[in-house]
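Numbering of ligands and ligand atoms starts at 1, following listing order. We use all heavy atoms of the structure for the numbers below, so side chains are in, but hydrogens, waters and symmetry mates are not. All values derive from a computational prediction rather than experimental measurement.
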Amino acid sequence: MQAHDAMYIDGAWRPAIGASAIEVRNPATEELLDQVPAGTPEDVDAAVRAARAALPGWAAADPAERAARIGALRNGLAARRAEIAGTVTAELGAPLAFAQAVHADLPIAVAGSYAGLTREYTFEEQIGNSRVLHEPVGVVGAITPWNYPLHQIVAKVAPALAAGCTLVLKPAEDTPLVAQLFAEVVHEAGMPAGVFNLVTGLGPVAGEALAVHPDVDLVSFTGSTAVGQRIGAAAGGAVRPVALELGGKSANVILPGADLTRAVKAGVANVMANSGQTCSAWTRMLVSADRYDEAVELAAAAAAKYIPGDPRDERTRIGPVVSAGQRQRVTGYIAQGAKEGATLVAGGPEAPEGCERGWYVQPTVFADVTPDMTIAQEEIFGPVLSILAYEDTEDALRIANGTVYGLAGAVWSEDEEEAIAFARRLQTGQVDINGGRFNPLAPFGGYKRSGVGRELGRHGLAEYLQTKSLQL
Ligand code: NAD
């Protein structure tokens, strides 16, 4: 796909109001891939006006009609699966096999799920003498990050459309190409003009303009906690709802009787996937002190199997990180970990062998990590695992809950009931028990500073509704 030198507003590609552009680079080669326009507050304003004008018609459309359009969107994405995967590999650096299986197939599945949910959802219910109406919240401003670029777009756009809302999307500046591809698919799906609008641009300019726009009814943001706090504060000032999906520092708790080999291998795979750029990654592995050395050995051996390479090669398991800035941030944390006394058992801050060009980071494992260290508290967002020892399960619980975050986690035990009982005490939004699979219909979101609200499934749809009760 050739990048559009335009914004998708009111059902057509329209020239940007400003003249500046954002360069999109291939993280594996550092080469310029393409460029997209950098939106201004005026572009955002035009998009919000289009979304406002389209709202009454879309909100009043029969849910079956909305379901049909979302179904067409799902089919359009499925038809362009190979192109989606190729685009995400090029602009994010995700290995092709992972791009196909996750960056393309997951949003296709999520879009499909909302085609079904729109048909099944109870938009009206009777409670005693009241008829309760679940109405669309209105015009949505959606701001998304680069790490799962299409998934995060679909996880906002599909439920908002299902609810009867209209939107303006401001995607991440590092990955705007797949966002433009998505807008093409929306257009081909026959969505009425103005229902979905795309403004590419920089966070502090276009993102900020959307986040504070007085005619936006709800801002749904996925990204860093620092920006989320700012967006939440603006929403508080305007007294309007906000949905925030933020960072994480999730714990992978391996209880004493668990299958250590399986748990460690799955834990390392979870951290290395997408070069560690996953908000829900289990970046802290918690192991009982008496099995600690064995776990460290297993983890180092597992990490060694992730050899950084060209993401276009189907055999590559780990590609680069998204940008030079991200590499600098990640290697800075690796240096900090070593400085604070953690032991490097795999990887390190230097570029991986043979990967001098491209923004590559070595898959890294730290042992002897204590809960107070920076690498045990802060989100690194790179292929870096910290292994911590615990004395008993109460200690494990204290460590697991001992960060400001609460997005995800894992518990492993030979006894599923023991793992579930432990998971009930975790302050976190989702927990995988003994390797339980990701469920695109299950609510996804954070406790504590990991966010406000939930995405996916019927819980994700409810975020875009507000209720009115008629007393009869
Ligand atoms: P980021 O916060 O820098 O950017 C996210 C989006 O916000 C981008 O579109 C950016 O342009 C925009 N933005 C930046 N400054 C803004 C401002 N002042 N006003 C409005 N918009 C602004 O985050 P990132 O580096 O792109 O993404 C990585 C972060 O996202 C990580 O912290 C990760 O944990 C988090 N994340 C969370 C989830 C989740 O579901 N909880 C999912 C993926 C990523």
Side-chain angles (χ1 to χ4, degrees), residues 22 24 36 38-39 41 44 91-92 102-103 106-107 110 141-156 168-176 178-179 198-213 216 219-235 242-250 273-283 321-323 325-330 333 378-382 403-409 428-430 438 440 442-456 459-460 463:
I22 296 171
V24 188
V36 299
V44 170
E91 66 182 349
L92 177 64
V102 178
H103 290 294
L106 178 58
V110 171
I143 301 175
T144 54
W146 45 263
N147 61 329
Y148 286 85
L150 185 61
H151 168 64
Q152 282 138 351
I153 290 171
V154 171
K156 297 191 190 307
V168 176
L169 168 68
K170 206 303 283 175
E173 39 273 66
D174 291 300
T175 53
V178 77
L198 171 72
V199 176
T200 50
L202 298 173
V205 183
E208 181 101 15
L210 185 58
V212 302
H213 197 291
V216 167
V219 175
S220 178
F221 169 81
T222 299
S224 60
T225 295
V227 176
Q229 283 170 325
R230 212 180 146 85
I231 289 176
V242 65
L244 303 171
E245 296 287 342
L246 310 176
K249 191 72 195 177
S250 298
N274 215 38
S275 296
Q277 302 165 121
T278 304
C279 51
S280 54
W282 310 331
T283 49
V321 297
V322 70
S323 62
Q326 189 65 17
R327 180 180 59 183
Q328 195 178 2
R329 171 189 153 111
V330 175
Y333 273 116
E378 295 185 14
E379 184 179 53
I380 299 173
F381 231 53
T403 77
V404 296
Y405 294 112
L407 188 54
T428 193
Q430 44 267 303
F438 182 78
F444 182 97
Y447 278 38
K448 302 196 280 185
R449 271 186 233 172
S450 287
V452 176
R454 293 292 178 270
E455 293 197 315
L456 304 179
H459 295 80
E463 293 283 324

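- Distances between N or O atoms of Leu246 and those of ligand 1 include at least one value under 3.5 Å.
- Residue Gln229 places its CD atom among more than 12 non-hydrogen atoms of other residues, nucleotides or ligands, all under 6.0 Å distant.
- Under the 4.0 angstrom criterion for non-hydrogen atoms, Pro171 is in contact with ligand 1.
- Ligand 1 places these atoms under 4.0 Å from at least one heavy atom of Gly207: 19 (N), 20 (C), 21 (N).
- Contact annotation for Ile143 and ligand 1: only side-chain heavy atoms (C-beta onward) come within less than 4.0 Å of the ligand.
- At a heavy-atom distance under 4.0 Å, no atom of Glu455 approaches ligand 1.
- Distance alone, capped at 3.5 Å, is enough to place a donor-acceptor pair between the Thr428 side chain and the Leu407 backbone.
- Here the CG atom belonging to Leu106 is positioned 9.0 Å from the OH atom belonging to Tyr148, to the nearest 0.5 angstrom.
- Here the straight-line distance linking atom CG of Leu456 with atom NE2 of His151 works out to 5.0 Å at 0.5 Å rounding.
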- request: Begin with the C-alpha distance, continue with both residues' side-chain angles, and end with the deciding distance and a verdict on side-chain hydrogen bond (donor to acceptor under 3.5 Å, both in side chains) for Tyr333 and Glu378.
  value: CA-CA 9 Å; Tyr333 273 116; Glu378 295 185 14; 2.6 Å; yes
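- Of the candidates Phe381, Tyr148, Phe444, Trp146, it is Phe381 that places a heavy atom closest to atom 33 (C) of ligand 1.
- Checking atom 4 (O) of ligand 1 against the protein gives no heavy-atom contact under 4.0 Å.
- Within the 3.5 Å criterion, the main-chain N or O of Gln277 finds no donor-acceptor partner in the side chain of Ser275.
- Here the straight-line distance linking atom NZ of Lys156 with atom CZ of Phe221 works out to 8.5 Å at 0.5 Å rounding.
- If you check each of Gly223, Ser450, Gly429, Gly248 against atom 35 (C) of ligand 1, the one with the closest non-hydrogen atom is Gly223.
- Some N or O of Thr144 is nearer than 3.5 Å to an N or O of ligand 1, by distance alone.
- Within 6.0 Å of CZ on Arg327 lie more than 12 heavy atoms contributed by other residues, nucleotides or ligands.
- Remark: the backbone N or O of Thr403 is paired with a side-chain donor or acceptor of Lys448 at under 3.5 angstrom.
- Contact atoms of ligand 1 toward Gln152: 42 (C), 43 (C), 44 (C) (distance under 4.0 Å to a heavy atom of the residue).
- Residue Arg329 qualifies as enclosed at atom CZ: its count of foreign heavy atoms under 6.0 Å is above 12.
- For Glu173, a nitrogen or oxygen atom sits less than 3.5 Å from a nitrogen or oxygen atom of ligand 1, counting backbone and side chain alike.
- The nearest protein atom to atom 42 (C) of ligand 1, hydrogens excluded, is given as Cys279 SG, 2.8 Å; this is a heavy-atom distance.
- Across the listed options Val227, Thr175, Leu244, Leu456, Val227 owns the non-hydrogen atom lying nearest to atom 15 (N) of ligand 1.
- Residue Lys170 places at least one N or O, backbone or side chain, under 3.5 Å from an N or O of ligand 1.
- At the shortest separation from atom 31 (C) of ligand 1 among protein heavy atoms lies Glu379 OE1, 3.3 Å.
- Contact between Gly446 and ligand 1 is absent, with no heavy atom of the residue lying under 4.0 Å from the ligand.
- For atom 27 (O) of ligand 1, the nearest non-hydrogen atom of the protein is Pro145 CB, 3.4 Å.
- With a 4.0 Å cut-off on non-hydrogen atoms, Asp174 does not touch ligand 1 at all.
- Among protein heavy atoms, atom 18 (N) of ligand 1 sits closest to Glu208 OE1, 3.0 Å.
- Ranking protein heavy atoms by distance to atom 14 (C) of ligand 1, first place goes to Gly203 CA, 3.5 Å.
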